[in-house]
Amino acid sequence: MATGYPFKEIEEKWQAAWAKDNLYRAHDGVPKKNADKFYGLVEFPYPSGEGLHVGHPRSFTAIDILTRKKRMEGKNVLYPMGWDAFGLPTENFAIKHKVKPQDATMRNIANFKRQLISLGFGFDWSREINTSDPSYYRWTQWMFLRFFNAYFDTVEGRARPIDELAIPDIIRAKGDAAVRTYIDGWRLAYKTKSIINWCPRCKTGLANEEARGCVCERCESAVEQRTKSQWMLRITVYADRLIRDLDTVDYLDKITSQQLHWIGRSEGAYVDFQIKRQSLKVNSDGGCLLPDKVTVFTTRPDTLFGTTYLVLAPEHPLIETWIREGNVTNADKVRAYQNGTRLKSELERKESKEKTGIELKGVMAKNPVNGKMISVWTADYVLGGYGTGAIMAVPAHDERDFEFAKTFGLPASVVVAKVGHAEVQLPFIDEGIAINSGAIDHLKTAQAKDAMIEWLEQNAVGERKTTYRLRDWVFSRQRYWGEPIPIVLCKACGFVPVSDDQLPVILPDVEKYEPIDTGESPLATIRDWVETTCPRCGNPAERETDTMPNWAGSSWYFLRYCDPQNNTSFADTDKLRYWMPVDLYNGGMEHTTLHLLYSRFWYKVLWDLDLVPRECGSEPYAKRRSQALILGEGGIKMSKSKGNVVNPDHIVAIYGADVFRVYEMFIGPFDQDAPWDTNGIEGVKRFLDKVWRMYGMEANDRDLPNSVAEDMNAVCLSESAEMLLNQTIKKVSDDIEAMHYNTAVSALMILANELSMRPLTRYVAEVFLKLLAPFAPHLTDELWHRLGHETSVHIAGWPIADPSKLIAAMFELVVQINGKVRDRIVTPSDISQEGAIKLALASKKVKDILSGKAPKKVMYVKGRLVSISF
RNA sequence: GGGCCCGUGGUGGAACAGGUAUACACAGGAGACUUAAAAUCUUCGGCCGAAAGGCAUGCAGGUUCGAUUCCUGCCGGGCCCACCA
């Protein structure tokens, strides 16, 4: 096992040398021509207690290889690294080990950094950042206040400073308090009471994105619904731009489609149903048609005629009103149902799709299009948080409505009618069974929808409306280890931002920081921190005690890398102008609808407010790619509980960093899951050992290479070897750009197999090292220096294939008869079509098979084959 | 239930703007070197067949001179979303 090249010595030596020479430092202030900079980014890790996982290096090595190639091509490369240090993983680790999160973070960072350096990544460590450092989170807080002090101008479709918000006279007339409420209602960061996801184990509120599948993203506990007052970021106003701008970036298709799906834009209409409440006996018809109404959202207004009942979500506020005013004759039963659904967890709801619900007796609704009176129900299959929390049920057209109608014996028939000028084609139903009139084509549906919306708007009973699945971002966390939200709550002045010159609001260093179950952050218990004075009026006031989610710091870290030590702004404008946007961003698919979406939104707000220069463009990442998982041996997911976690430290100790890196690239396609295979890594070790021997190095040999001919022209390459060399240059170059690392490695192996059979010329020896350098940076720099160079191979220039040496003089012409290969004839590459066909027909095998018959069709595919059919 | 993706040797996988299927590597067999082992090198491996040849890229069809690649329908697996009106 200990045989082979002395990787430990070599790797430590070069890691030290690179650091000493600042080899990977990115240079600011270099004049920017068209494409002379390259900003490669990988998601910075949470410095957890477990240390580096083998999944991290897969992403880091891939972009390391690409940025190394760019650097060798002469680009000014920025490849930075830092620590996403705030947040639950670190805090939970600290709690478990009874240490302070601050100390745990420092210790974990030191460990991560040691590991990353041992793997030989070309990070510019001079730009290292840490989101939990006050010099960093000062700017996170500063940005939060920019959100607080901004609103979204719906006409211009962009964020603007809140000072520019026009206050309607009617509001102004009501006085200061009304104006303040009005302004607060527009802010991009706002505090409001709403129903949110609450993790009982982490004891904190969560964003919608963190509670996918109704379980906590961190600990996988089932989430509860709690009504809480929370800080929110108004991401929903950016929904359209987040969709539209996807056209301007190069993201993996599945990433684009997942984001689109998550944002979930639906076009349709609001429709108003007037409500008749029977118990108020005013009208002659025995009821009172009050001016109150239920507004529903539908994507199919054309099916309005088919509406046979209305359903409100159990938490719909009108239900409460009607009960209070005595209009619901079965109020007790309705209350019982509401309570029942509240107790049912989201998970339980998910499990059973059986329709439940109850009619609101005594309440009827009037269908605006035909005046028909229909019953009103509440059921938990209608969600409070989407649309208006109420639907018009069209059992003929919607499977869920049909299910519900069947369960409760509701009518499901439909009338055909004329709306306005257009003939509206309506869904139909046979005996209440058929669902959805598939015969109606899309064009007709679109026309019918438009006609109906037009009619609704003309009659003032509805309007065109687009809704989104996306919800505003719940930004409060009831945990200690995060950025304090820099807001002071004053009885007189309301929410008052801490002034910029008072930032950062330092997270107090305390002994007890465990989450508490009161729904408040543990900061609330630190009274001398909470109690402060109002920055505006000077009277006693209290600090906001919620902290930010860990997604805050990571929403803008790529900007900080451009100018990490700046004390006067989050980053210098010229430096942003130079480096942004990120040219390539690689990270996990699990962040597609979390970090990736959040940071796009965050960046757009900064850009709108001109805090990021216009020239950088409205998107932070020009290109986004994603690595797949490395699974445990046997193809199952690596996990501590299964005991199949591979520790990078072990692999580096046994095989060295270069073998580890090359193996992770060779393991399979970058975007495809691949199982770890201990045998597979042996193969890569053999490959690098062979390279070592190829350069005349026996194990532990310290002499200069002895099989490399010093004179560049001393040994001529055979034509085939020269071709292979040039083909490999092209293949490796193209594969790195396309992130097809596995085939790039295999091309290098093929070349090595060929070259190891003969003495190397200096030229070939150097080209091969350059091609291998991004993959195995230590070994190649060692051999490069042993060849007599004073400077690093990593700045030695990238080889370019000679196009004239890519095509051989001869090739093997394949002859197919009826699609089957029957002969192969070695032929000059420049053979004409006629010549190739003549040659093929002259083949003995062909003659035998044709046996005198005339071919029906003969064709020549240039440089490949002749196809004969008969 | 909806969306996206994937099925190729014993294994990881090559090849896809349609054109020689199984590159490279692992595991395995045989051999060389060695007192022996490790390491290294040579060599053989899709299936059937003595050979000629035939059959093979999940299954069944289609388009084509030619399909792993394109189309349709199944079967199997993965990821994301999920009562979103």
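Letters go in sequence order (proteins before strands), and every chain restarts at 1. Both backbone and side-chain heavy atoms feed into the values below; hydrogens, waters and symmetry mates do not.
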Watson-Crick/G-U partner (both atom distances under 3.5 Å) of B/U40: B/A32
Determine: side-chain N/O of A/Gln672 to OP1/OP2 of B/G13, distance under 4.0 Å, yes or no. yes
Using 30° and 60° as the class boundaries, would you call the ring planes of A/Trp377 and A/Phe404 parallel, tilted or perpendicular? perpendicular
Nearest to side-chain heavy atoms of A/Asn679, which nucleotide of B/C26, B/G2, B/U40: B/C26
Side-chain atoms of A/Pro669 come closest, of B/G54, B/A14, B/C24, to B/A14
Could you state the atom-to-atom distance from NE2 of A/His740 to C1' of B/A23 in whole Å? 16 Å
Can you find a side chain N or O atom of A/Arg864 that sits less than 4.0 Å from OP1 or OP2 on B/G66? no
Is the charged tip of A/Lys355 near the ring of A/Tyr381: under 6.0 Å from the six-membered ring centre and within 45° of its axis? yes
In this structure, how many angstroms lie between the P atom of B/C80 and the CD atom of A/Glu209, rounded? 16 Å
Out of B/A82, B/A21, B/G19, minimum distance to the side chain of A/Val821 belongs to B/A21
Of the candidates B/C65, B/C4, B/A27, the side chain of A/Arg686 sits closest to B/A27
For nucleotides B/C79 and B/U72, find the distance between their P atoms and express it as a whole number of Å. 25 Å
side-chain N/O A/Asn742 vs B/A14 OP1/OP2, d < 4.0 Å: yes
Could you give the distance separating B/A23 and B/G46 at their C1' atoms, to the nearest angstrom? 15 Å
Let's see if you can work this out: which of B/C83, B/G53, B/G19 has an atom nearest to the side-chain heavy atoms of A/Arg822? B/G53
Above 12 or not: heavy atoms from other molecules or residues under 6.0 Å from CG of A/Asp848? yes
With nearest nucleotides of RNA chain B determined for A/Gly680 and A/Ile667 from heavy-atom distances, which residue corresponds to the more 5′ nucleotide? A/Ile667
Is the A/Tyr663 to A/Trp676 ring centre distance short of 6.0 Å? yes
Please evaluate the base of B/C83 for a donor-acceptor partner in the side chain of A/Lys355 within a cut-off of under 3.5 Å? yes
Ignoring backbone atoms, test whether A/Lys254 places a side-chain nitrogen or oxygen under 4.0 Å from the OP1 or OP2 oxygen of B/C4. no
Using the side-chain hydrogen bond (donor to acceptor under 3.5 Å, both in side chains) rule, pick out the option among A/Gln627, A/Arg625, A/Glu43 that qualifies with A/Asn586. A/Gln627
If you pin A/Gly387 and A/Lys690 to their nearest nucleotides in RNA chain B, which one's is more 5'? A/Lys690
Looking only at B/C80, B/C65, B/G53, the nucleotide nearest the A/Ser869 side chain is B/C65
Nucleotide paired to B/A25 in any strand shown, Watson-Crick or G-U, under 3.5 Å: B/U11
Classify the glycosidic conformation of B/G13 as syn or anti, calling it syn when the angle lies within 90° of 0. anti
Can you figure out which of B/G12, B/C41, B/A25 approaches the side chain of A/Met749 most closely? B/A25
Contact class for A/Lys820 (heavy atom, under 4.0 Å): base, sugar-phosphate, or nothing? sugar-phosphate
If you count the non-hydrogen atoms of other residues, nucleotides and ligands that lie under 6.0 Å from CD in A/Glu220, is the total more than 12? no
Any side-chain N or O of A/Tyr386 below 4.0 angstrom from OP1/OP2 of B/A85? yes
Which one is paired to B/G45, where only Watson-Crick or G-U wobble pairs with both distances under 3.5 angstrom count? none
Looking at every strand, decide which applies to A/Phe666 at a 4.0 Å heavy-atom threshold: base, sugar-phosphate, or nothing. base
For a quick test of reading the model: is some side-chain N or O of A/Asn753 closer than 4.0 Å to OP1 or OP2 of B/A25? yes
Please find the pair of heavy atoms, one from A/Pro669 and one from A/Asn742, that lie closest to each other, and give the distance. N-ND2, 3.5 Å
Under 4.0 Å between a side-chain N/O of A/Ser867 and OP1 or OP2 of B/G19, yes or no? no
Using the side-chain hydrogen bond (donor to acceptor under 3.5 Å, both in side chains) definition, which of the options A/Tyr598, A/Trp551, A/Trp473 pairs with A/Glu209? A/Tyr598
Integer-rounded Å distance: B/G3 C1' and A/Trp262 CH2: 14 Å
Considering Watson-Crick and G-U wobble pairs with both distances under 3.5 Å, what does B/C16 pair with? none
Hunt down the Watson-Crick or G-U wobble partner of B/C4, both distances under 3.5 Å, from any strand shown, or write none. B/G78
Work out how far the P atom of B/A15 is from that of B/U64, and round it to whole angstrom. 29 Å
Select base, sugar-phosphate, or nothing to describe what A/Ile750 touches, counting heavy atoms under 4.0 Å on all strands. sugar-phosphate
N/O (side chain, A/Arg469) to phosphate O (OP1/OP2, B/C81) under 4.0 Å: no
Could you tell me how far B/G58 sits from B/U69 if I compare only their P atoms? Round to whole Å. 8 Å
Heavy atoms only, 4.0 Å cut-off, all strands: where does A/Gln816 land among base, sugar-phosphate and nothing? base
Choosing from B/C26, B/A23, B/C65, which nucleotide comes nearest the side chain of A/Asp677? B/C26
